[in-house]
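Single-structure report; data block below.
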Amino acid sequence: MPEGHTLHGLARDQTALFAGRTVRVSSPQGRFAEGAALVDAHVLDTVYAHGKHLFAVFGEQTVHVHLGLFGKYASGLGAPPVPRGALRMRWVTEGAWSDLRGPTVCRVLAPPEVDSVLARLGPDPLAARPSGAAAWKRIARTRTPIAALLMDQSVLAGVGNVYRAEVLFRHRVPPYLPGREFGQDRWEAMWKDLVVLMRAGLRSGRIVTTRPADRPRTGGRVRRDEAHYVYRRAGLPCRLCSTPVRMELLAGRKLYWCPTCQAR
DNA sequence: GCAAAATGTCAAG
DNA sequence: TTGACCTTTTGCA
């Protein structure tokens with residue numbers, strides 16, 4: 001599910017399956033019928049991600065996908081399954097298929113339009129050569145709480161509600177701390193940590209942010225209820241200090257934090 | 001069987 | 001700040 005690591009994983013997998021091949025593109029649901037017709041039976045060059053945005057390049061035309069909260073891909077080898085439910089976009093080649101459901105965005109763009117989407121996004125911790133400098137410029141000059149800045153895709157791209165809550169906890173940052181009071185050293189450390197965490201998420205396909213020492217049992221597969229410090233743990237005791245984890249809505253999203261570990 | 005929730009974004013007021 | 005939107009899954013009856 002969709003934070004930046006998910007989209008980078010999809011880009012990697014779709015490139016492996018479909019790049020260099022002629023792809024039959026359709027929209028069984030019909031809502032992407034016109035776009036599908038523009039790229040159907042074209043050769044896919046590559047698929048790449050920036051933040052939570054996915055771009056599939058077919059020559060001069062690019063399919064731009066944003067999963068939003070509910071969007072999902074499914075894929076497999078061999079013949080595609082019988083279409084079921086609301087299937088926005090289907091790709092089929094000789095050997096593989098991919099289905100997209102429920103995206104917020106699925107449309108065909110020309111290169112300048114792709115550029116303008118990219119221009120509105122901040123740096124991505126999962127970029128090949130990540131740099132948080134541009135994000136720091138924005139953070140350093142605003143009173144907006146750091147918890148809101150981390151979710152602002154024009155400040156940095158790819159962090160969602162889980163990584164936000166978890167990286168703030170890992171660095172003991174009070175979520176309402178204004179950006180301008182954050183401090184550059186602290187930002188550098190947090191950015192580096194995001195790069196590490198999100199690369200691990202990309203590799204494993206899941207978000208695990210707890211350190212081994214903070215999990216009841218080390219070694220073996222990390223259980224789902226051990227993977228996070230605070231995300232979705234409202235009311236449960238903090239793993240480090242046992243204070244009940246707090247939850248509050250910030251800009252319409254659920255924000256989780258430990259009021260003791262992340263005190264001012 | 002149905003309501004609510006879910007890792008998101010945008011536009012209206 | 002609120003609601004609309006995209007769809008599936010989960011949890012409760």
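A note on names: the letters A, B, ... follow the listed sequences, proteins ahead of strands, and every chain is numbered from 1. Atoms considered below: every heavy atom in the structure, side chains included; atoms not considered: hydrogens, waters and symmetry mates.
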Between atom [atom1] in [X] and atom [atom2] in [N], what is the gap in whole Å?
| X | N | atom1 | atom2 | value |
| --- | --- | --- | --- | --- |
| I207(A) | dA6(B) | CD1 | P | 14 Å |
| H66(A) | dC10(B) | NE2 | C1' | 11 Å |
| R107(A) | dT9(B) | CZ | C1' | 12 Å |
| M198(A) | dT7(B) | CE | P | 15 Å |
| L168(A) | dT7(B) | CG | C1' | 15 Å |
| L249(A) | dG3(C) | CG | C1' | 14 Å |
| R164(A) | dG8(B) | CZ | C1' | 12 Å |
| L10(A) | dG8(B) | CG | P | 14 Å |

Distance below 4.0 Å between [X] side-chain N/O and [N] OP1 or OP2:
| X | N | answer |
| --- | --- | --- |
| R101(A) | dC6(C) | no |
| Q29(A) | dT7(C) | yes |
| K52(A) | dT9(B) | yes |
| Y231(A) | dT7(B) | yes |

- Message: Is the distance from the ring center of Y256(A) to that of H228(A) below 6.0 Å?
- Response: no
Which nucleotide wins on minimum distance to the side chain of [X], given the candidates [options]?
| X | options | result |
| --- | --- | --- |
| K72(A) | dT9(C), dT7(B), dT7(C) | dT9(C) |
| Q153(A) | dG8(B), dT9(B), dT7(C) | dT9(B) |
| R232(A) | dT7(C), dC6(C), dA6(B) | dA6(B) |
| E3(A) | dC6(C), dA6(B), dT7(B) | dT7(B) |

- Item | D99(A) side-chain N/O to L87(A) backbone N/O, donor-acceptor pair under 3.5 Å | no
- For R253(A), answer base if it contacts any base atom (sugar-phosphate contacts may also be present), sugar-phosphate if it contacts only those atoms, and nothing otherwise; contact means non-hydrogen atoms under 4.0 Å.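 Base contact.
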- With a non-hydrogen cut-off below 4.0 angstrom, is E166(A) in contact with a base, only sugar-phosphate, or nothing?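 No contact.
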- Do the rings of H5(A) and Y163(A) sit parallel, tilted or perpendicular, given the 30° and 60° boundaries?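 Correct class here is perpendicular.
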- Stacking check: are the rings of F70(A) and dT7(C) less than 5.5 Å apart at their centres and under 30 degrees in tilt? yes
- CZ of R264(A): more than 12 outside heavy atoms within 6.0 angstrom? yes
- Task: State whether F169(A) and R172(A) meet the cation-pi test: NZ (Lys) or CZ (Arg) under 6.0 Å from the six-membered ring centroid, and within 45° of the perpendicular axis.
- Result: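 Because its charged atom sits under 6.0 Å from the ring centre and within 45° of the axis, R172(A) does stack over F169(A).
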- Task: Scan side-chain atoms only and decide if Y176(A) and E248(A) contain a donor-acceptor pair under the 3.5 Å cut-off.
- Result: yes
- Separation of the P atoms in dA5(B) and dG3(C), to the nearest angstrom: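 The answer is 14 Å between these two P atoms.
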- Task: Could you work out the separation of dT8(C) and dC10(B) based on their C1' atoms and round it to a whole Å?
- Result: 22 Å
